[in-house]
2 protein chains.
Amino acid sequence: MVRASSPRSAEIRAAALDLFTRLGYEATTMADLGAAVGMRGPSLYKHVASKQDVLVEIMTGTMEALLAAHRSAVASTDDPVERLRRATEAHVRYHARHRQEAFVGNRELRSLVQPHRDRVLGLRAEYERCFRELIEAGAQAGHFTVGSASLASFAILDLGMGLAAWYREDGELTEDAVVWQYSQFALRIVGLR
Amino acid sequence: MVRASSPRSAEIRAAALDLFTRLGYEATTMADLGAAVGMRGPSLYKHVASKQDVLVEIMTGTMEALLAAHRSAVASTDDPVERLRRATEAHVRYHARHRQEAFVGNRELRSLVQPHRDRVLGLRAEYERCFRELIEAGAQAGHFTVGSASLASFAILDLGMGLAAWYREDGELTEDAVVWQYSQFALRIVGLR
DNA sequence: GAGATCGGCTATCAGTTGTTAGCTAGCGGG
DNA sequence: CCCGCTAGCTAACAACTGATAGCCGATCTC
C-alpha cells in the first residue's frame, strides 16, 4: 500500500524536495532519495507509488498552498491598494519561507507528466489572473499607474520566483527585511502613489 | 577533429539551444539532437566533443554576450541615471531577443560540470556587481531611493530572467513595448525620481 | 504462540543513455 | 586511377535508471 499521508512518505517528500532543488528532478535517482532517508532505492516503493508521484504531490501541494495564502491575504480587506499590498506580501513571504517548494514548482514543470502539468499550469494561470485583476482594479480606481496590468503582474510574480532562486535562510538579510523591500518593489512597479 | 567554429557545429548548437529550452539538458538525448539536424546521434561526434561541451559553449557564449552588451550600453555616457537606464534596457532587450540563451543560461547551471560552472557563476556575479555599483552610484548622487542596492539589483536581474521564461516573439506585445515597460519597472524599483 | 502485516533488503529486469569503434560512400587533388 | 579525407552510418558497450519480485526479520494481534 502507498498511503500518501503516512509520516514516512512525508519524510520522503521532504528529502525529495531538497534533492530536486539541488540536483533537479531528472538528475535525482531513487537511490539518492533512498539514501537521504536512510534506506535503499527499492524500499521507497513501500511508501510512494513512483518518482513521478512524489513530484506531483510536491508541485500540486505547493500551488494549492500558494493560492490559499493569497486568498487568505486578500480576504481581510476591500480596499484595492491594501489588497494588492497584502497579496504581494503574502507572495513574497511564501517564496522566501518556502523557497524550495517555490523553486521546484517553477523549475520542474516540464518534468511533470500529463495531466498533472496542465493542472498545475491551470493553477498558475489562476494565480496570475488574481494578481492581474487586483492591479486592474487599483488602476481603474486611480491608485496605480501602469501601462499593462498583465505585464506588471508578470513582473511581480517573477520577483518572487527570482527570490526563491537566490534567497537563503542564513543569508545577510532577514526574511522580514527581504519581504518588506520586495513588497515595496512590487508596489513601485504598479506605480502606487 | 572537432573544430568548434565549423558551420555544422554552429547549426548543432542552435538546435541544442532549442531542445535544451524545450526539454532541458538532462532530458535531451544525443539522438534527439542528431535528429534535429538530420543525422544520427553518434554522427554528432564528428562535429562536437561531447554533449556537455555543447552546453558549455552555449552558456559561456551567452554570459559573455550579455556582459558585452552591458559594457557597450554603459560606455556611452557618464550620467549615473542614464547609465542605469541604458544598462537595464540592454538587459531587458537581451533577455527578450535571446530568450532561449538566457533561459538555458539560467536554468541549466546545475547541469554544468566543473570547472565550467564556477566560471559561469563568476561571470554572473560580475554582471550582478556591475548593476549593484550602478545603483549605488545613483543612490549616492541622490537620484535613487533604495534600501539595499544589492536587493534592487537582484530584483532587476530577476525581471529579465522571468521575461525570458514567458516572452514569445509571436505574443501580443512587441519587443519594444516589453522592453520599454520592463525598463520602466526597473527604474521604478530603484525609486528614480 | 501462530499468523499476518510492515518495512526493510538483495537480485534482477528491461529500457535508455553517452560514447566509441569500425565501416563506407562520396569527393577532391595529384 | 587512386589516395586520403570528410562525414555519415550501424553495431556495440558499459553504465545507469526506475521499477518489480521475492525473501526475511521484527512487531503486532488474537
Side-chain angles (χ1 to χ4, degrees), chain A residues 1-59 104 108 110-117, chain B residues 1-59 104 107-117:
Chain A
M1 208 46 50
V2 283
R3 290 168 305 146
S5 55
S6 86
R8 207 80 166 116
S9 72
E11 185 185 348
I12 291 171
R13 268 195 303 279
L17 178 60
D18 184 55
L19 285 168
F20 291 170
T21 304
R22 294 197 341 255
L23 314 177
Y25 174 80
E26 299 271 4
T28 299
T29 72
M30 291 303 270
D32 292 336
L33 183 50
V37 296
M39 64 178 71
R40 304 303 174 97
S43 304
L44 291 168
Y45 290 86
K46 300 283 181 176
H47 305 281
V48 303
S50 68
K51 185 186 174 188
Q52 174 74 207
D53 186 64
V54 175
L55 181 65
V56 168
E57 291 193 25
I58 287 177
M59 294 193 69
V104 171
E108 299 296 353
R110 60 187 168 197
S111 301
L112 217 49
V113 123
Q114 296 291 23
H116 309 290
R117 174 164 29 183
Chain B
M1 206 48 50
V2 284
R3 291 166 306 147
S5 55
S6 87
R8 207 80 167 118
S9 72
E11 186 186 348
I12 291 171
R13 269 196 304 279
L17 178 59
D18 184 55
L19 285 168
F20 292 169
T21 305
R22 292 195 343 252
L23 314 176
Y25 175 80
E26 299 272 2
T28 300
T29 72
M30 292 303 268
D32 292 337
L33 182 51
V37 295
M39 65 178 71
R40 303 303 173 99
S43 305
L44 290 169
Y45 290 85
K46 300 285 179 175
H47 306 280
V48 302
S50 68
K51 185 186 175 187
Q52 174 75 206
D53 185 64
V54 175
L55 181 64
V56 168
E57 292 194 25
I58 287 176
M59 293 192 70
V104 171
R107 216 90 163 188
E108 299 296 352
L109 258 172
R110 60 187 168 197
S111 301
L112 217 49
V113 124
Q114 296 290 22
H116 309 290
R117 179 171 16 192

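Only heavy atoms go into these numbers, but all of them, side chains included; no hydrogens, no water, no symmetry mates. Lettering of chains follows the sequences in order, A, B, ..., and the numbering in each one begins at 1.
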Asker: Send over the distance from A:Tyr45 OH to D:dG22 P, rounded to a whole Å.
Answerer: 17 Å

Asker: Could you give the CG-to-C1' distance, from B:Leu33 to C:dT17, as a whole number of Å?
Answerer: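 Roughly 14 Å, once rounded to whole Å.
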
Asker: Starting from P on D:dT17, measure out to CZ on A:Arg40 and report it in whole angstrom.
Answerer: 15 Å

Asker: Measure from CE on B:Met30 to P on D:dA11 and round the result to the nearest Å.
Answerer: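 One finds 20 Å between P of D:dA11 and CE of B:Met30, rounded.
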
Asker: Rounding to an integer number of Å, can you tell me how far B:Met39 CE sits from C:dG26 C1'?
Answerer: 16 Å

Asker: Quick one: are A:Tyr45 and A:Met30 in side-chain contact, heavy atoms under 4.5 Å?
Answerer: yes

Asker: Regarding A:Thr21 and A:Asp18, do their side chains bring together a donor and an acceptor under 3.5 Å, going by distance alone?
Answerer: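 Result is no, nothing qualifies.
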
Asker: From C:dG18, C:dT20, D:dT20, pick the nucleotide closest to the side chain of B:Pro42?
Answerer: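 Looking only at side-chain atoms, B:Pro42 lies closest to C:dT20.
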
Asker: Out of D:dG8, C:dG18, C:dG8, which nucleotide sits closest to the side chain of B:Lys46?
Answerer: D:dG8

Asker: Quick check on D:dT6: is either OP1 or OP2 less than 4.0 Å from any side-chain nitrogen or oxygen of B:His47?
Answerer: no

Asker: Among D:dA19, C:dT19, C:dG22, which nucleotide has an atom closest to any side-chain atom of A:Ser50?
Answerer: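 So the nucleotide nearest the side chain must be D:dA19.
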
Asker: Measuring only between side-chain heavy atoms, which start at C-beta, is B:Thr28 closer than 4.5 Å to B:Arg22?
Answerer: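 No, every pair of side-chain atoms sits at 4.5 Å or beyond.
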
Asker: Nearest whole angstrom, please: distance from the P of C:dT16 to the CD of A:Glu26.
Answerer: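 That distance rounds to 14 Å.
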
Asker: Can you check the A:Ile12 CD1 to D:dA19 C1' distance for me, whole Å?
Answerer: 15 Å

Asker: Would you call B:Tyr25 and B:Gln52 a side-chain contact if the rule is heavy atoms closer than 4.5 Å?
Answerer: yes

Asker: Between C:dG18, D:dG8, D:dG22, which nucleotide gets closest to the side-chain atoms of B:Thr29?
Answerer: C:dG18

Asker: Taking only the side-chain nitrogens and oxygens of A:Ser43, find out if one of them lies under 4.0 Å from OP1 or OP2 of C:dC9.
Answerer: yes

Asker: When the distance from CG of A:Asp32 to C1' of D:dG18 is rounded to whole Å, what number comes out?
Answerer: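 So the CG-C1' distance, A:Asp32 to D:dG18, works out to 13 Å.
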
Asker: Would you check if B:Arg110 and A:Leu23 make a side-chain contact, meaning some heavy-atom pair closer than 4.5 Å?
Answerer: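 Side chain of B:Arg110 against side chain of A:Leu23, heavy atoms only: no contact under 4.5 Å found.
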
